[in-house]
Student: 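This is the structure, below, for whatever I ask next.
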Amino acid sequence: MRAEFQKPRGTQDILPPMSLKMEQMRRIALDCAQTFGYLPVETPVFEQTPVFLRVGESTDIVQHERYSFTDAGGVELTLRPEGTAAIARAYVENGMFNQPQPVRMCYYGPMFRRERPQALRYRQHTQFGAELYGSVYPEADAEVILLACAVVERAGLPDPMIRLNSIGCSECRPRYREALIRYYHEQRNHLCRDCQTRLNSNPLRLLDCKIDVAIREQAPDIEEFWCEDCATHYGKLTDLLSASGRQVRRDPFLVRGLDYYTRTVFEIGHPSMGSQAALFGGGRYDGLATTLDGPESTPAVGFGMGIERILSAVEQNLGIPSVTRIYVAHLPGFEGPSLLLAEQLRREGFAAESDLMGRSLKAQLRDAGRRSQIVVFVGGHEWEMDEVNVKSLQDGVQMTVKRDQLSDLLHQQFKINS
RNA sequence: GUGGAUGUAGCUCAGUUGGUUAGAGCACCAGGUUGUGGCCCUGGGGGUCGGGGGUUCAAGUCCCCUCAUUCACCCCA
């Protein structure tokens, strides 16, 4: 293992069969989204840096974890750390607020954050997400969350668990924030070092701390501070989700790391992963598009889901579509005809390949055994009579057919769908 | 950014108190006679022991640095 060139830290080469599972996961997510009417949108993998700065000044992922560079023209650019800001920018820039609302979109692609790598935490990771623009109603939140659950289920994790909270709106959150600061201020001598700084920088995150759990138990609950609209919104949302048969639980300590959220925040987890483990999450961000010079009121809800993470939870039971592969083996001197027969089969829609390594027939069979299910033999006296032998590697059954009946035989005898 | 662990063939790992040409299993390749796999047998290729420096007559084995991986924080997907 003396690779002179190695991949950048925190990145990964995704090889088969993992690459196939990734591909399958992508299909599941995108298909599922489309059944909900969420159509794929692709944005650049990099944006002008201010797009991200504007959206999350106090979040770590834009503060310390940016992959930024200045291009030859002096423009400040940043590799996207998440999808929501870019979609918001695209929504505004393309005047999508003039389309019939709501606008349902989804995205899938690589995201970049310069953090310390760890299992299931990479500097480049893949994220799938959905965004719903234009609706302020709790039904919108519900739809997005149901989509999130549907994707998880379709991927093979039954009964996802929804953890839900509302962090209020511009009217009620400041009041809560004050109360929270007041409470924690009294306790400040008992707080861990991180929490002492959080007290000033991002008080809501105090609730997230895993050390000072005892202190937060006594902390004021935002529920008591919700304004009427927020309370109604949250109430309707929980009712809808419960009525849909989903497992929902309020988590008063759930606040999420990005600071553009308003009202609804949620995380999807799974009972099998322990109560803490969240697979991914999302929420509502009614002010986001406006921040990027969008119209005054542009409500939005969405979620982002890390593909590598969800895949690790689902990998074993994720089936990948199987194809019956045909191996065209050749007798000595028939390499050419063998390649051409494979090509003919492919044109007829089969998955076929031939030997490119100059192997002996015996070696070809061995090779076929690990990559194919069917072998077609090219050469010998059969070939002179326009015939080929076809052998199933599963049961060893072999038969001879006229070449022009090969594809019929493959279809009928061997039940291969091309 | 902080703290801990690890790094020997493609993979999983052995390598005694530092001592001659660094091993195994799996995988890969070729044979076991003349046109057919999966088992078995035989043989083969493949490692500057992550990289660099140091100690020593001598280092895969000790020390330092570095890179990478991994775990726990931070944060998050």
Side-chain angles (χ1 to χ4, degrees), chain A residues 1-13 15 25 29 56 58-65 80-84 108-129 148 192-195 197-198 201-202 205 208-211 255-259 267-269 276-282 303-313 327-334 355 357-383 388-398 400:
Chain A
M1 199 174 135
R2 88 196 131 100
E4 193 163 346
F5 297 103
Q6 35 186 241
K7 59 189 174 300
R9 185 165 201 201
T11 62
Q12 43 175 357
D13 298 319
L15 313 175
M25 190 60 225
S58 75
T59 68
D60 266 36
I61 68 172
V62 323
Q63 255 191 333
H64 315 293
E65 301 175 359
R80 63 184 179 194
E82 49 105 25
T84 298
Y108 186 101
M111 306 294 164
F112 307 84
R113 296 177 192 176
R114 200 193 171 291
E115 344 172 59
R116 187 87 173 250
Q118 226 177 91
L120 296 185
R121 160 184 293 182
Y122 305 101
R123 291 185 171 187
Q124 174 179 339
H125 73 280
T126 312
Q127 219 168 302
F128 162 76
C192 68
R193 173 120 42 88
D194 288 327
C195 280
T197 58
R198 274 192 274 246
S201 61
N202 199 346
R205 304 238 67 189
D208 250 358
C209 183
K210 285 151 205 135
I211 301 168
V255 291
R256 304 281 299 161
L258 288 334
D259 56 8
E267 287 185 351
I268 306 292
Q276 286 298 64
L279 277 171
F280 65 95
F303 67 83
M305 144 169 146
I307 294 298
E308 290 83 356
R309 235 171 237 200
I310 193 111
L311 209 48
S312 83
Y327 193 101
V328 184
H330 61 81
L331 272 60
F334 285 84
D355 172 60
M357 298 302 293
R359 287 188 225 262
S360 67
L361 188 57
K362 185 189 175 87
Q364 289 179 70
L365 263 294
R366 200 189 317 119
D367 193 36
R370 58 198 161 198
R371 60 176 88 231
S372 313
Q373 289 74 43
I374 303 284
V375 176
V376 176
F377 295 87
V378 168
H381 51 267
E382 294 90 339
W383 189 256
V388 288
N389 285 328
V390 183
K391 175 173 182 171
S392 161
L393 293 176
Q394 329 280 319
D395 48 27
V397 171
Q398 179 164 317
T400 308

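Any value given below was found using the heavy atoms of this structure, including those in side chains, with hydrogens, waters and symmetry copies removed. Order of the sequence lines sets the chain letters (A, B, ...), proteins ahead of strands, with each chain counted from 1.
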Student: State whether the distance check finds a donor on one side and an acceptor on the other, under 3.5 Å, for side chain A:E115 versus base B:A77.
Tutor: yes
Student: Just to be sure I understand the rule, does A:Q398 reach a base, reach only the sugar-phosphate, or reach nothing, if contact means heavy atoms closer than 4.0 Å?
Tutor: base
Student: Nearest to the A:R116 side chain among B:G37, B:G35, B:U2, which nucleotide is it?
Tutor: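 Selected nucleotide (nearest to the side chain): B:U2.
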Student: Which nucleotide, in any strand shown, forms a Watson-Crick or G-U wobble pair with B:A58, with both distances under 3.5 Å?
Tutor: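 Pair assignment: B:A58 / none.
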Student: Look at the side chain of A:R121 and decide which nucleotide, out of B:G35, B:C73, B:A68, has an atom nearest to it.
Tutor: B:C73
Student: Does B:A77 have OP1 or OP2 under 4.0 Å away from a side-chain N or O of A:R256?
Tutor: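 True: A:R256 side-chain N/O within range (under 4.0 Å) of B:A77 OP1/OP2.
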Student: Is any N or O donor-acceptor pair between the side chain of A:K391 and the base of B:U36 shorter than 3.5 Å?
Tutor: yes
Student: Under 4.0 Å, counting only non-hydrogen atoms across every strand here, what does A:E382 touch: a base, just sugar-phosphate, or nothing?
Tutor: base
Student: Please state whether the rings of A:F334 and A:W383 are parallel, tilted or perpendicular, taking 30° and 60° as the class boundaries.
Tutor: perpendicular
Student: Side chain of A:A119 only, please: which of B:G37, B:U70, B:U36 is the nearest?
Tutor: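 Nucleotide nearest to A:A119's side chain: B:U70.
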Student: Write down the partner of B:A68 under the Watson-Crick or G-U wobble criteria, each distance required to be under 3.5 Å.
Tutor: B:U6
Student: What are the two closest non-hydrogen atoms of A:L361 and A:A329, and how far apart are they?
Tutor: CD1-CB, 4.0 Å
Student: With A:E382, which of A:L331, A:V388, A:N389 fulfils side chain to side chain contact (heavy atoms under 4.5 Å, CB included)?
Tutor: A:N389
Student: Contact class for A:G10 (heavy atom, under 4.0 Å): base, sugar-phosphate, or nothing?
Tutor: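 Since only primed, P, OP1 and OP2 atoms lie under 4.0 Å of A:G10, the category is sugar-phosphate.
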Student: Using a 4.0 Å heavy-atom cut-off, does A:I307 contact any base of the nucleic acid, only the sugar-phosphate backbone, or nothing at all?
Tutor: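 Contact class for A:I307: none.
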Student: Taking all heavy atoms of A:S372 and all of A:L393, pick out the closest pair and write down the distance.
Tutor: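 Shortest heavy-atom contact: O-CD1, 3.7 Å.
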Student: Does A:R366 have a side-chain nitrogen or oxygen under 4.0 Å from the phosphate oxygens OP1 or OP2 of B:C28?
Tutor: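 No.
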Student: Is B:A24 paired to anything, Watson-Crick or G-U wobble with both distances less than 3.5 Å, and if yes, which nucleotide?
Tutor: B:U12
Student: Using a cut-off of 4.0 Å on non-hydrogen atoms, how would the nucleic acid contact of A:A368 be classed: base, sugar-phosphate, or nothing?
Tutor: nothing
Student: Which part of the nucleic acid does A:Q394 contact within heavy-atom distance under 4.0 Å: base, sugar-phosphate only, or nothing?
Tutor: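 Base: the residue A:Q394, judged by heavy atoms under 4.0 Å, touches a nucleobase.
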Student: In the strands shown, is B:A77 matched to any nucleotide by a Watson-Crick or G-U wobble pair with both distances under 3.5 Å, and which?
Tutor: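 When the pairing criteria are applied, nothing turns out to pair with B:A77, so the answer is none.
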Student: Tell me whether the side-chain N/O atoms of A:Q118 come closer than 4.0 Å to OP1 or OP2 in B:A72.
Tutor: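 A:Q118 to B:A72 OP1/OP2: side-chain N or O found under 4.0 Å.
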Student: Tell me whether the OP1 or OP2 atom of B:U69 has a side-chain N or O from A:R9 closer than 4.0 Å.
Tutor: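 Checking A:R9 against B:U69: at least one side-chain N or O falls below 4.0 Å of OP1 or OP2.
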Student: Tell whether A:Q364 reaches the base of B:G35 with its side chain through a donor-acceptor pair below 3.5 angstrom.
Tutor: no
Student: Would A:E65 and A:R123 pass as an ion pair if we require N to O under 4.0 Å?
Tutor: no
